[in-house]
Amino acid sequence: MSRATLRIAMALALGAPAFAQAQAGCTAEHAAMGHCTLPASAPVPAAVPAKAPSAQAVDDCTAEHAAMGHCTRPQAGSAAFDANDPACPPEHAAMGHCTPRSPRAQVREQAPREPIPTPTEADRAAAFAPLQHGHAHGGDIHSLVRFNRFEAWDADPGTGQAWEGKAWIGGDVQRLWLRSEGEREHGRTASADLEALYGRGISPWWDFLAGVRHDFNPGPSQTWAAVGVQGMAPYKFEVAATAYLGAGGQSMFTAEIEYELLFTSRLILQPLVEVEFMGRADPERGTGSGLSSVEAGLRLRYEVDRQFAPYVGLAYERTYGGTADHRRGAGEAAHETRWVAGVRWWF
């Protein structure tokens, strides 16, 4: 054997173990990425498309791959990759070369990309079914009796008493109303009336009223047909306006406005203004046509409880036109100011 041949044989003998070890460490994945070369006789397996990280993908990330930085094991609690994300193809995700999107970005991408259509009447009808009782809370029958004023005074002309109250029975939409108002002076009834009215709610804050009114005093008794409204105006003014039509073409219109000013939850000041107009003069009852009278008052009450409240106040009444003339002819003053004290209660 020649000296050259001997050298080749020795080189092959010494390098065979290292070559075999290198070939054993060259896995199919290394070969697919071109990081090692297998002998020509051994076929190179086709590259398999990488998938999104999974349990299997983590297992395929061998120690050799991790040492070369070609794959990264996902940490505990990290967000999952989206296999359908075009910015992160499966090959990148398998090698840990892309970062998962934040939840906020995912929400933004899932938001509608077209303007939200305007709701139609059919959409509203499907979302909000009509209530059985309109704006009513139910079909039960309830009732209330309230004396807004029940007072007395002691003035120069003499003592007197006055009342004003109302009651109702029914539901939230339809009710039967009773209203009464009157005065007593010098031990006799100067004026008194009683109204029976059908009331129907025409809005959340207003009722329509229709019925009859009967005047017992002053003068001969008289019956009126009545129609009007009552409710709460903007800024919480309680308003009642009623028109009356009586026998012989007589007509009358009254309006009352109240307001409650709360100093505390129990101490309340109540201003009140009431006006009366007459369509025609009626000498038998001592009234003239046009503006007949105006009454204004301030009453400060303290609610011992919500149903009972004593009060003190100041009331002013003035008559006009023919009504004032009739009062002067009867020896009475056309206007009067008096201090009053009374109670307000309801049940």
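- Note on R327 versus E317: salt bridge recorded, some NZ/NE/NH1/NH2 to OD/OE distance being below 4.0 Å.
- With D215 contributing its side chain and N217 its backbone, the two residues share no donor-acceptor pair below 3.5 Å.
- Using modelled atom types, no side-chain atom of T189 and backbone atom of S191 make a donor-acceptor pair closer than 3.5 Å.
- In terms of heavy-atom proximity, A233 sits nearest to V239 at CB-CG2, 4.0 Å.
- In terms of modelled atom types and a separation under 3.5 Å, the side chain of R175 and the main chain of R200 share no donor-acceptor contact.
- More than 12 non-hydrogen atoms from other residues, nucleotides or ligands lie less than 6.0 angstrom from CH2 of W206.
- Proximity of V343 to F308: side-chain heavy atoms (C-beta onward) are separated by under 4.5 Å at one or more points.
- For F150, the CZ atom is loosely surrounded, since the number of other residues' heavy atoms within 6.0 Å does not exceed 12.
- Rounding to the nearest 0.5 Å places CZ of R146 at 5.0 Å from CZ of R344.
- V304 approaches P310 most closely through the heavy-atom pair CG2-CD, 3.8 Å.
- Not one N or O on the side chain of S143 forms a donor-acceptor pair closer than 3.5 Å with the backbone of W168.
- Between S292 and T323, the shortest heavy-atom distance links the atoms OG-OG1, 2.9 Å.
- Annotation: side chain of V294 is not in contact with side chain of Y316 (no heavy-atom distance under 4.5 Å).
- The shortest non-hydrogen separation linking V340 to W153 is CG1-CB, 4.1 Å.
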Please determine whether side chain to side chain donor-acceptor pair (under 3.5 Å) holds for the pair Q174 and Y198, giving the CA-CA distance in whole Å, both sets of side-chain angles, and the decisive distance to 0.1 Å.
CA-CA 8 Å; Q174 302 184 75; Y198 164 77; 2.8 Å; yes
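- With respect to E295 and R149, a salt bridge is recorded, a charged nitrogen being found less than 4.0 Å from a carboxylate O.
- For the residue pair E183/Q161, the side-chain donor-acceptor check at 3.5 Å is not satisfied.
- In this structure, E185 does not pair ionically with R188, as no charged nitrogen and carboxylate oxygen lie closer than 4.0 Å.
- Using a 4.0 Å cut-off between a side-chain N of Lys or Arg and a carboxylate O of Asp or Glu, R184 and E151 do not qualify as a salt bridge.
- For NE2 of H142, the number of neighbouring non-hydrogen atoms (other residues, nucleotides, ligands) closer than 6.0 Å is greater than 12.
- A salt bridge is defined here as a Lys NZ or Arg NE, NH1 or NH2 lying under 4.0 Å from an Asp or Glu carboxylate O, and R301 with E303 meets this definition.
- The existence of a salt bridge linking R280 and D282 is excluded, since no basic side-chain nitrogen approaches an acidic carboxylate oxygen closer than 4.0 Å.
- Going from atom CG of D207 over to atom CD of Q230 covers 5.5 Å, rounded to the nearest 0.5 Å.
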Just distance, no hydrogens or angles: give the donor-acceptor pairs under 3.5 Å from side chains in residues 244-251, sequence neighbours left out.
| from | atom 1 | to | atom 2 | distance (Å) |
| --- | --- | --- | --- | --- |
| Y244 | OH | E195 | OE1 | 2.9 |
| Y244 | OH | E195 | OE2 | 3.4 |

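- Separating the CG atom in L314 from the OG1 atom in T337 is a distance of 6.5 Å, to the nearest 0.5 Å.
- Put simply, CE on M278 and OG on S293 are 9.5 Å apart, with the number rounded to the nearest 0.5 Å.
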